[in-house]
Amino acid sequence: RAKGKKCIFQGNVTLTEIVVESSDFTFVVQNKLTVGNIPDCKGIYISRASKLTIEGPGILDVTATGKCRPGIGGGIGNYPNEATSYGTLIIKSGTVNATGGPYGAGIGGGGDSFKGFIVGDARQNAADGGTVIIQGGIVNAVGKNGAAGIGGGYSKNSRGGGGGKITISGGTVNATAEEGGAAIGGG
């Protein structure tokens, strides 16, 4: 769990998942940081009141595998003890590759808690995309099973996650949504 202010990743580093619970936190990736890609992982989770800034020049590869989990972001729609949106993500430089788990955005919100899949509340809404600011670098984001590449998660029975607030002022962005979500926007 990340609770400090700045973390510099040098060399090739592999982590299971990262939870950001600080009001303002920066990752500086010097070479390659791989997060996730193991069974039932969150990827990088950003709590509602947090801000995560990612800087290069290195490569950040994040693959969430947990159902309804975004690659980078937060919120599984209406899942107990989870926010339905997340904080702020700022990408300044480097390369960021983010892939959501089933029904989760690559960058943004998680999927819903529909009956029989994950026990949640009666609304069964997916999580919104939070705030995403891309100022530079190369960003490749893939949403799974109807979730957005960058934006909201997917909902089978109710409201898909809203896109949130997405600002792109620089860099190169490649966003893909598999099976029906928006590349950038709502799930």
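As the structure is a prediction and not an experimental result, all values here were calculated from the model.
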Task: Qualifying residues under side chain to side chain contact (heavy atoms under 4.5 Å, CB included), relative to Q10, sequence neighbours excluded - done: I8, Q30
Task: Heavy-atom pair of closest approach, residues I166 and G151 - done: CD1-CA, 4.3 Å
TODO: For G149 and A141, work out which heavy atoms get closest and say how close.
DONE: O-CB, 3.3 Å
Task: Side-chain heavy atoms of S50 within contact of F25, under 4.5 Å - done: no
Task: Gap separating the NZ atom of K165 from the OG1 atom of T131, nearest 0.5 angstrom - done: 6.5 Å
Task: I134 side chain near T167 side chain, heavy-atom distance below 4.5 Å - done: no
- [ ] Spell out, yes or no, whether I107 and V142 are grouped together once hydrophobic residues are joined by side-chain heavy atoms under 4.5 Å, including indirect joins.
- [x] no
TODO: Would you mind telling me which of T172, N174, T176 makes a side-chain hydrogen bond (donor to acceptor under 3.5 Å, both in side chains) with N140?
DONE: N174
TODO: Look up atom CD in E17 and atom CZ in R69, then write down how far apart they are to the nearest 0.5 Å.
DONE: 7.5 Å
Open item on the list: I need the T88 OG1 to I133 CD1 distance, nearest 0.5 Å.
Closed with: 6.0 Å
Open item on the list: Do I138 and V96 have side chains that approach each other closer than 4.5 Å (heavy atoms only, starting at C-beta)?
Closed with: no
- [ ] For residues Q135 and I90, determine if any side-chain heavy atom of one lies less than 4.5 Å from a side-chain heavy atom of the other.
- [x] yes
Ignoring hydrogens and angles, write down the donor-acceptor pairs under 3.5 Å from the side chains of residues 54-65, residues two or more places apart or on other chains.
| unit_1 | atom_1 | unit_2 | atom_2 | d |
| --- | --- | --- | --- | --- |
| D61 | OD1 | N97 | ND2 | 2.5 |
| D61 | OD2 | K32 | NZ | 3.2 |
| T65 | OG1 | I38 | O | 2.2 |
| T65 | OG1 | D40 | N | 3.0 |
| T65 | OG1 | C41 | N | 3.1 |

Task: Validation row: I72, L89 side chains within 4.5 angstrom (heavy atoms) - done: yes
TODO: Please tell me if the side chains of N145 and E178 come closer than 4.5 Å, counting only heavy atoms from C-beta onward.
DONE: no
Open item on the list: Please find the pair of heavy atoms, one from A177 and one from A148, that lie closest to each other, and give the distance.
Closed with: CB-CA, 4.2 Å
Task: ILVMFWY cluster, F27 and I91 together (side-chain gap under 4.5 Å) - done: yes
Task: Residue pair D24, L52: steps toward the side-chain contact (heavy atoms from CB on, under 4.5 Å) verdict - done: CA-CA 6 Å; D24 191 352; L52 173 63; over 6 Å; no
Open item on the list: If you apply the rule side-chain contact (heavy atoms from CB on, under 4.5 Å), what do you find for V13 with T34, and how did you get there?
Closed with: CA-CA 6 Å; V13 178; T34 303; over 6 Å; no
Task: From K42 atom NZ to I18 atom CD1, the distance as rounded to the nearest 0.5 Å - done: 12.0 Å
